[in-house]
Visitor: 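Next up is a structure, given as structure tokens.
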Amino acid sequence: MNPHHPHDIGRGAGPMERGTAHRLAARQRIWVQAWTALSVLAGLWSLAWAIGWVTGAGDSLAYALAGLLLLAAALWARRSALRNAPPRHL
């Protein structure tokens with residue numbers, strides 16, 4: 001079984017040079033993944049401090065509210081990144 005086809009020229013997904021559609025799409029996917037990761041971290045931060053507030057830890061409500069603000073900002077940025085993404089058909 002030969003995994004290489006005779007017409008395969010070995011370019012993979014296409015050129016990743018400046019200004020190409022592949023590079024733009026890859027860059028956009030990285031932005032979406034970064035904002036998603038930040039949203040998850042901010043959500044976990046808020047949840048941990050909210051649990052601390054329920055159990056009686058001092059000043060944890062302020063940290064939970066700050067985490068919720070960060071979560072809202074990260075979700076807004078993620079939504080904007082998804083909305084401004086180029087079309088998926090290249």
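Residue numbers run from 1 in the order of the sequence given.
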Visitor: Grab the two heavy atoms, one from Arg78 and one from Thr36, that are nearest each other, plus how far apart they are.
Guide: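 Closest pair (atom of Arg78, atom of Thr36, distance): NE-OG1, 2.5 Å.
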Visitor: More than 12 non-hydrogen atoms from neighbouring residues, nucleotides or ligands closer than 6.0 Å to CZ on Arg27, yes or no?
Guide: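 At most 12 heavy atoms, drawn from other residues, nucleotides or ligands, come within 6.0 Å of this atom.
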Visitor: Between Trp35 and Trp31, what is the ring plane arrangement, given parallel below 30°, perpendicular above 60°, and tilted in between?
Guide: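 Trp35 vs Trp31 ring planes: parallel.
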Visitor: Would you give the length of the straight line joining atom CD of Gln28 to atom CD of Gln33, rounded to the nearest 0.5 angstrom?
Guide: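 So the CD of Gln28 and the CD of Gln33 are separated by 11.0 Å.
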Visitor: Counting only pairs under 3.5 Å, give me each side-chain donor-acceptor contact of residues 53-74, with atom names and distances, residues two or more places apart or in other chains.
Guide:
unit_1, atom_1, unit_2, atom_2, d
Thr55, OG1, Ile51, O, 3.1
Thr55, OG1, Gly52, O, 3.0
Ser60, OG, Trp53, N, 3.0
Ser60, OG, Ala57, O, 3.0

